[in-house]
Amino acid sequence: MYKIMNYKLLVATEVAKAVDNILSEEDIYKKIERPKSSDMGDLAFPAFMLSKSLKKAPQEIAGELINKIDTSKFEKVEAVGPYVNFFLDKNSFSSEVITNVLKEENNYGNNSDGENGNVTIDMSSPNIAKPMSMGHLRSTVIGNSIAKILEKNGYNPIKDNHLGDWGTQFGKLITAYLKWGNEEDVRRDPIHYLVEYYVKFHKLDKEQPELDDEARDWFKKLENGNEEAVRLWKWFREVSLEAFNETYKTLGVDFDTYNGEAFYNDKLQEVVDILKDDNLLVESRGAQVVNLDEYDLNPALILKSDGASLYITRDIAAALYRDRTYKPVKNLYVVGSEQTYYFNQLKKVLEKMNLDSAKGVEHVPFGLITVDGKKLSTRSGRIILLNDVLNESIDLAKKQIDEKNPELPNKDEVAKEVGVGAIIFGDLKSERINNIDFVLEDQLKFEGETGPYVQYARVRAESILKKGHADKYNFSDVSLDNKQSWATIKLIQSFPDIVKEASENLEPSVIAKYSLRLAKAFNKYYANERILDDNDELESRLALVKSVSIILKESLRLLGVKSPDEM
RNA sequence: GUCGCAGUAGCUCAGCUGGAUAGAGCAACGGUCUUCUAAACCGUAGGUCAGGCGUUCGAAUCGCCUCUGCGACACCA
């Protein structure tokens, strides 16, 4: 593989030599920083830490250092106050970076840190017979992006949709359906009608408590494998999943497994047995619990006092199953931050069980979505339907296309890519832990720091490449030596670091923010430089444009956002 | 009450895990399309980094305290 030069290391080596190794190369390397402004150079060494051992002012040290440092490998080295600023050789740096990108193409930035280790990702997890809301969007889109980021870092992600497809609500649903339901309606619009029945049930059961008895009875039948109950359950599950898959298709997300809660039904007894054998299970207030006092946590309830299992029982079964099936190096749960406490408990229980993958269990929390500062809930009717938001965004994108580029061939396809891209990007661009107070107009923005902004930057790049017949060049001799392109090139060079950072922090926003920076730098370049001018550097400029296009597309791909060639 | 997360421009957020004059986008105001797609670019204005104390040569960043908001605190998921 083409090995790109590590410029930071180069600086560290030169500084270490110049200070006669008073500080180790490693220590210096860690302290090297990137100046905010490019007229202060490309890399800088702050001389503060030398002032104690040399007993001199850092300004003085910086001034002396520039005379000792071998400057031949740099364009310029200068002392500014307490800093030694290094200016890289633009020509060779640019040439090296761009040649590398064009060679690697969308593999640029790949690394093998993950050593092909399996990573299970518990994500999305909508409830059967309920609509997907904006809350599900977050888990889906964050999980999807993390999977792609991990893959680029050499891991093998396994996306598991942990469907909410079991529980007492199915007793209610079956009861309601048999009383008021209609097969044709459910076929036509499953979620809509199933929710309607469910809501009706909840309205009436206050005055008709016999409904609850009936529901309980149906759930019991379902658990015991009653044919009618199982048939209906399977059917509800199937039609719901079809509706979900429609949404997933729109979002461009797929899964490796759909092991919902029901999948673990026959695996719960073993969990209880194992906990008993390990003497971890104790009785408390009539329930079976795992004590977690030593971690300052409340006990984890494994079985209710009536003997029924709980959510954590299934999660333990799931962790056990994943442990055996995949031997994961990480087992991630992309679930809202309100469940942090719960996941602390889960992890500790798994550790007490000595599960190999317990150390790799990690909750990947994200902030709450609220409306007017209040939590969403199906019951209160404060809910935002994901499909509605996506459709509105797609419609708006369509309008924009009709206005700005009416001749565009595949308008509907592009409107979808832009509209959906705006929603996904909007969700991923800020740190996932931040809460989001939902305002529709905020979501439907296509200008400024948005997905469409990044898409548009690449569209411009593609347009130039087409007009300049870029495919006839082989870009063998790239040389760019001007100020306009410099910011863009430095960003391109940093992409592999960004990919690592995103992976280490499990943070898609790192990629999103990077893509904005690159798009912005490119737009600026585009505005100030005539790329298609026929002169010496034409080929090199096209090579740069091509590199930008490759990386913008790859960045968006890592976020799960499509990148149209025209818009 | 205890624990967790957060508090940076009118609004939404960055600030590279301690460094140079705190940065973007939106909104406001002004400028730029006979030339590569104006979903863009340029400019103006906007700050007690919630408050306090401490560590340090140096703090928006680390520690402690206070205030404010949100969330979680065993038979829901």
Side-chain angles (χ1 to χ4, degrees), chain A residues 31 33-37 40 44 46 48-49 51-52 57-58 80-83 85 125 127 162 164 167-169 261 284-289 292 296-306 308 310-312 314-315 335-342 344-345 365 367-368 370 373-375 397 400-401 403-405 408 418 422 426 429-431 433-437 439 441-442 445-457 459-468 494 497-498 501 505 509-510 513 516-517 519-520 523-533 541 545 566-567:
Chain A
K31 288 290 179 183
E33 50 191 275
R34 280 175 214 189
K36 289 177 194 169
S37 161
M40 296 185 291
F48 302 103
M49 58 277 261
S51 66
K52 223 172 230 173
V80 179
Y83 289 89
N85 292 338
S125 314
N127 295 315
H162 194 71
T168 49
Q169 73 266 26
E261 294 170 20
S284 167
R285 300 184 211 170
Q288 297 293 316
V289 309
L292 298 173
D296 263 334
L297 291 167
N298 283 329
L301 257 151
I302 307 297
L303 293 176
K304 297 202 258 186
S305 40
D306 66 359
L310 282 141
Y311 186 62
I312 198 166
R314 282 164 208 284
D315 261 342
V335 180
S337 60
E338 68 273 16
Q339 292 195 42
T340 298
Y341 187 85
Y342 166 78
N344 284 338
Q345 290 180 308
L368 210 60
T370 53
K374 285 176 195 149
K375 212 176 159 177
Q400 298 255 29
I401 291 168
E403 206 176 290
K404 296 168 196 286
N405 194 359
L408 187 70
V418 173
K429 86 169 170 195
S430 51
E431 277 185 89
I433 201 70
N434 292 350
N435 292 341
I436 296 177
D437 195 48
V439 180
E441 300 83 75
D442 291 353
K445 288 242 164 78
F446 296 167
E447 287 165 21
E449 296 176 334
T450 64
Y453 177 92
V454 180
Q455 289 172 325
Y456 181 66
V459 160
R460 287 174 130 187
E462 281 301 307
S463 178
I464 287 176
L465 293 172
K466 205 167 155 193
K467 282 214 167 122
S494 70
D497 291 335
I498 294 292
E501 190 188 336
N505 300 335
S509 67
V510 169
K513 275 177 259 188
L516 284 170
R517 257 180 281 141
K520 205 175 290 185
N523 273 333
K524 193 170 187 166
Y525 177 63
Y526 179 99
N528 289 300
E529 187 91 344
R530 183 103 198 126
I531 294 159
L532 289 179
D533 262 359
R541 285 195 301 270
V545 173
E566 289 179 77
M567 66 190 267

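Naming convention: chains lettered A, B, ... in sequence-line order (proteins, then strands); numbering from 1 in each chain.
Taking atom C1' in both rG15(B) and rG47(B), the straight-line distance is 14 Å, to the nearest Å. Distance noted for atom P between rG58(B) and rG1(B): 37 Å (whole Å).
Annotation: of the two residues near RNA chain B, Ser430(A) and Ala300(A), the 5′-most nearest-nucleotide partner is Ser430(A).
Within the shown strands, rU44(B) is the pairing partner of rA28(B) under the Watson-Crick or G-U definition, both distances less than 3.5 Å. Look at rA9(B): it lacks any Watson-Crick or wobble partner with both distances under 3.5 angstrom. Across all strands shown, rG71(B) forms a Watson-Crick or G-U wobble pair with rC3(B), both key distances being under 3.5 Å. Applying the Watson-Crick and G-U wobble criteria (two distances, each under 3.5 Å), rU35(B) pairs with nothing in any strand. Base pairing of rG18(B): no nucleotide in any strand meets the Watson-Crick or G-U wobble criterion (both distances under 3.5 Å). The base-pairing partner of rA60(B), taking Watson-Crick or G-U wobble contacts with both distances under 3.5 Å, does not exist among the strands shown.
Annotated as syn: rC33(B), whose O4'-C1'-N torsion sits within 90° of 0.
Below 30°, between 30° and 60°, or above 60°: for His162(A) and Tyr311(A) the angle between ring planes is above 60°, a perpendicular geometry.
Using a distance-only test at 3.5 Å, with no hydrogens or angles considered, a donor-acceptor pair links the side chain of Tyr341(A) to the main chain of Asn298(A).
Look at CG on Leu465(A): it is 10 Å from C1' on rC36(B), rounded to the nearest Å.
At a cut-off of 3.5 angstrom, the base of rA39(B) holds no donor-acceptor pair with the side chain of Asn523(A). Judged by distance alone with a 3.5 Å cut-off, a donor-acceptor contact links the side chain of Ser305(A) to the base of rC75(B).
Note that CD of Gln345(A) is 11.0 Å distant from CD of Gln339(A), once rounded to the nearest 0.5 Å.
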